[in-house]
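Structure record follows, encoded as structure tokens.
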Amino acid sequence: MSTSTFALDENRVLIEAKQSVMEATSKMKRAIEDAKLLEAVKFATMMTSELRVNTLSPSKYSELYYMITQELWHLILFFKTLTEREMFSALEIYEFVQQVGSAVPRMYLLTAAASCLCNSGEEPIKNVVRDLLEMIKCVQHPTKALFLRYWFVQAIKAHLPTNNEEDHRHGSLNDSLDFVLENFHEMNMLWVRMGVKLRTHNYYGGNNQEDRRMKEEKMQLRSLIGQNVSFIASIDGLSFELYNERVLPAFSKTIAKTSDEMNQFYLLDYLLHSFPAEYHINALSKTLEIFEVLFPSVKVNDLFLPFIDLLNTVMSTSPESYPLDVCVSHFRLLQDALNGFVSHFEINVTEKLELYQALLSFCVNFCLDHEDGALIEEIFADVLSMVEKEVSVLRKNNRAIRVAINILKVVFQSFNNIKLLSFVNVFELFRLLDIHQQRVLFDDLVAMFVGLPADQRVNTPELLEKYLRVFRNLLKPSATDAKELTAGEIRVDTKLFCCLTFAVHNDDVIVERELIEQLYENVRDEIPERAQPILIRLSQMVLILLGRTHAFIEANPDAIEYTQSNTKAVDFSDDENEEETAVEEEEQVPLQLLSLYKLGMSIAKALCGDIKRKPVAINLFNALAYTAHSHGNLSAAYNFQTEAVAVLDSGVDKDLIVNCFKRIVNSVRALDDLPFAKRKNVNSMLRKMAETMLNKVHQIAALMECVNLYAECVEKHVFKVLLLTNNKVDEYEQFNSAADINGYIISLFSMALYHFERQQSLESSACAPNKRVSAEYIEQQYEIIVEKSVFFSEAESDQFEEIRHFIHNKRNTVPEIFGLLSIPEFE
């Protein structure tokens, strides 16, 4: 028979049955109104006889059942009315309905009469219920008997004794538990048999789709069995002792004897969710033993994970009821059970990890303080022993990876960074993930380092090495991994390392320098994309530490060791014919600073490996030079400054070269205590680079800066400005931009006039006679510049006139100033 044909026949049968029920119900109600017991039982028998049908599926049969039992309550009320009017005794009615011929209608009516008999108290309740349970066994058809026993619970449960005290006539709560548990066991067996009946009766033709529908219908009827459990759980007098001694063992026995995995799952699920969670906690050992009797194919995760969540919720609401030793005891039970699940049940690696994640959440919630988190290590040891056998599967399973990452997140968020380092197994699991999977934990790893209190800082080389070893794969991937890194992944890695540097601190400046050196050693060989941002952060650390070191030196002058001093001859002459030398003494540098200078030099040179980072290297050299100069270490300042010039000379991005040049000039200008010979050397290097590396327009501005810088070295050379301007004036005609050239010349003269003002207080006797030059010669140089600068605008010409009048005024009022500024090359 096809599915569609069977469905049509089934609907037809159901409609006909309902029609018969309606007719019988109408007649039964008329008989009840007339108080005719015989006729009422007769039509009630006709009504309940429809439940003998064999051709309805369980879902259709349940429709018919609910329709009929709804009317049976009227019959029960009728029986009670008869006994109250003393027309019949409840026992007479009970014996009368036993005369019904067919078993199914007889048992429905007998149950209704038993309800009346129990309510009347004519016979001991325990005897009536026992008798009824024995007679119900006559119906063994799975579907019919299942619904019949469900009707038994509905009709009798209100009359079962629920008091703990023994009543020799009607019984006690123990008797009620016996009846319900027996009925529960029988219904469970019928439910299992109903599945066999459905598979063999060929209701749906046997294909997969119909099998699924069959299972769904069977699951819809599970509430019939659960009614027994709900009744037991709702009894007010049910204590934990009764639950532990009577109910739980009965459930365990029933589940163990069940041969259907679906049934086992449902029964245990109903048990876990029907009774108070406190009962499960107090009887945790026996509850977990029930899991052990389940079939390997049962989906244990769907049972155990909600159960753990339930325990977490209940124990969290009243933590005072569960001291640490009790929580640890419960943890041990859960841990042993879970390890058994892993080997017993047919679950994949993802499901296994989910079980351990649930156990970890329980441990973090209630056992975190036990032996300083030792239980965490035990969980991860179990996880590792399981995962190591399935590493290849783990790395290919995205869901399993997500669970593993969540497990690690729980630990990272629950412990401070110092404590985490003691968890060897935790980081062993971390290392089993590949580099891309490790990056998912980036936010949690960063949170470990940011905003740490002083007592949790990475303050020793040994502690730092532990961190670097733990995150070695992430912070320093293999060459193969490095080639596959995306720009986003590189940013993640570098940010993580930089966050680690923020956690590095030690009040001892020497130890902190060692920590910075240790960090530098771990990034010096990295690919530039990863190393450069980290090096920038390390350079900041060096500059900060330089300030702390200087403060330490000033506070502890007697505890500082210095380098040995030496002297050397330095040429200060500005002219090849003028021999002027001085003896410059190499200053003594504290060894602590010398080490830092070397470290800063190494980091800055490492930054030069990327042309885009050369401006950063120049800035670092300039900053180091300024820091060294500000604390009197002039030789170190000079070395840093020449390195900055050398970086510029080695080639910088053409779009940045002008800015880099200006930064170096400004840096040199700030080193006002630098010996003249060293300033002269740096200036000479800059002038040569300006002529070779810059375009003509930028050359003019650069040479102006260099001349200005040179003039600041010593006052008597201020009018080198005019000489260099005169030497360059022949090149002006090459340019098309008059504004740039004119602005340059005007700036030169403005600078010269500034130096006039500075030298007004000098005495004319300070210069030898052969150094004098006439004011007319200076004006001559001025006229040459004006003559060759043919494209001055009217406004610029007016500015030159102002300069000329200023020169004339200075010559007339302070003529000796020109003698001070005479230079042999002018003559």
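Reckoned from all heavy atoms, side chains included, excluding hydrogens, waters and symmetry mates.
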Donor-acceptor pair, Ser329 side chain versus Asp325 backbone, under 3.5 Å?
no
Judged by atom type as modelled, is there a donor-acceptor pair below 3.5 Å linking the side chain of Lys286 to the main-chain atoms of Asn244?
yes
d(Ile68 CD1, Leu51 CG) to nearest 0.5 Å is 3.5 Å
Is Glu134 atom CD crowded by more than 12 heavy atoms from other residues, nucleotides or ligands, each under 6.0 Å away?
yes
Okay, side chain of Glu261, backbone of Phe295: is any donor-acceptor separation there less than 3.5 Å?
no
Any side-chain donor paired with an acceptor under 3.5 Å for Tyr150 and Asn183?
no
So, do Leu353 and Val383 sit near enough that their side-chain heavy atoms are less than 4.5 Å apart?
yes
Looking at every heavy atom in both Met135 and Leu110, which two are closest together, and how far apart are they?
CE-CD2, 3.0 Å
Could you pull out every donor-acceptor pair under 3.5 Å between side chains of residues 274-284 and any protein atom, sequence neighbours left out?
unit_1	atom_1	unit_2	atom_2	d
Ser274	OG	Tyr270	O	2.6
Tyr279	OH	Leu238	O	2.9
His280	ND1	Tyr243	OH	3.2
His280	NE2	Leu271	O	3.3
His280	NE2	Leu272	O	3.0
Asn282	ND2	Glu278	O	3.1

Asp131 side chain vs Asn127 backbone, donor-acceptor pair below 3.5 Å
no
The test is side-chain contact (heavy atoms from CB on, under 4.5 Å); show your working for Ile407 and Val403 and say whether it passes.
CA-CA 6 Å; Ile407 290 176; Val403 178; 4.3 Å; yes
Output all residues satisfying side chain to side chain donor-acceptor pair (under 3.5 Å) with Glu186, sequence neighbours left out; order by chain, then residue number.
none
Within the distance-only criterion (no hydrogens, no angle test), does the side chain of Asn119 pair as donor or acceptor with the backbone N or O of Ser115 below 3.5 angstrom?
no
Any side-chain heavy atom of Leu109 sitting closer than 4.5 Å to one from Gln98?
no
Ring centroid separation Phe291 to Phe345 under 6.0 Å
no
Of all heavy-atom pairs between Leu133 and Arg149, which one has the smallest distance, and what is that distance?
CD2-NH1, 3.9 Å
Taking all non-hydrogen atoms of both residues into account, name the closest pair between Thr69 and Tyr108 and its distance.
CG2-CE2, 4.3 Å
Count the heavy atoms belonging to other residues, nucleotides or ligands that lie under 6.0 Å from NZ of Lys80, then report whether that count exceeds 12.
yes
Taking all heavy atoms of Ala400 and all of Val349, pick out the closest pair and write down the distance.
CB-CG1, 4.1 Å
To the nearest 0.5 Å, tell me how far Glu378 CD sits from Asn425 CG.
10.0 Å
Looking at CG of Asp260 and CD1 of Ile255, how far apart are the two atoms once the value is rounded to the nearest 0.5 Å?
12.5 Å
Assess the residue pair Val426 and Glu377 against the criterion (side-chain contact (heavy atoms from CB on, under 4.5 Å)); give the C-alpha distance rounded to whole Å, side-chain angles, the decisive distance to 0.1 Å, and a yes or no.
CA-CA 7 Å; Val426 171; Glu377 274 288 80; 4.0 Å; yes
Is the backbone of Glu351 close enough, under 3.5 Å, to the side chain of Asn301 for a donor and an acceptor to pair up by distance?
yes
How many angstroms lie between CD1 in Ile379 and CD1 in Ile376, if you round to the nearest 0.5 Å?
5.0 Å
Could you pull out the closest heavy-atom pair between Ser285 and Leu333, with the gap in Å?
N-CD1, 4.1 Å
Donor-acceptor pair, Thr258 side chain versus Gln264 backbone, under 3.5 Å?
no
Spacing of CD1 belonging to Ile125 relative to OG belonging to Ser172, to within rounding of 0.5 Å:
11.5 Å
Checking Val104 against Thr48 for the side-chain contact (heavy atoms from CB on, under 4.5 Å) test, could you report, in this order, the C-alpha distance in whole Å, the side-chain angles of both residues, the deciding distance, and whether it holds?
CA-CA 7 Å; Val104 172; Thr48 54; over 6 Å; no
In terms of side-chain heavy atoms, does Thr254 have a donor or acceptor partner in Asn188 at a distance below 3.5 Å?
no
Donor-acceptor pair, Asn339 side chain versus Asp336 backbone, under 3.5 Å?
no
Supply the atom-to-atom distance Met187 CE to Phe147 CZ, rounded to the nearest 0.5 angstrom.
9.0 Å
Are any non-hydrogen side-chain atoms of His330 and Phe366 less than 4.5 angstrom apart?
no
So do the side chains of Met315 and Asn365 get within less than 4.5 Å of each other, counting heavy atoms only?
no
Flag side-chain contact, heavy atom, 4.5 Å: Val53 against Leu14:
no
Flag the pair Lys389 / Met386 as yes when at least one side-chain heavy-atom distance between them is below 4.5 Å, and no otherwise.
no
With under 30° as parallel and over 60° as perpendicular, where do the rings of Phe304 and Phe341 fit, or are they tilted in between?
perpendicular
May I ask you to test the Leu146-Tyr65 pair for a side-chain heavy-atom distance under 4.5 Å?
no
Distance-only donor-acceptor check, side chains Glu289 and Ser252, under 3.5 Å:
no
Begin with the C-alpha distance, continue with both residues' side-chain angles, and end with the deciding distance and a verdict on side chain to side chain donor-acceptor pair (under 3.5 Å) for Asn54 and Tyr61.
CA-CA 9 Å; Asn54 295 320; Tyr61 190 89; over 6 Å; no
Determine yes or no for a side-chain-to-main-chain donor-acceptor pair under 3.5 angstrom, with Glu10 supplying the side chain and Ser57 the backbone.
yes
Kindly check if the number of other-residue, nucleotide or ligand heavy atoms within 6.0 Å of NZ (Lys257) is above 12?
no
Counterpart residues, side chain to side chain donor-acceptor pair (under 3.5 Å), relative to Asp269 (two or more places apart):
His273
Give the minimum heavy-atom separation between Phe380 and Leu429, together with the two atoms involved.
CE2-CD2, 3.5 Å
So, do Leu267 and Val229 sit near enough that their side-chain heavy atoms are less than 4.5 Å apart?
no
What do the steps show when you test Phe179 against Leu132 for side-chain contact (heavy atoms from CB on, under 4.5 Å), and what is the final call?
CA-CA 10 Å; Phe179 300 147; Leu132 187 59; over 6 Å; no
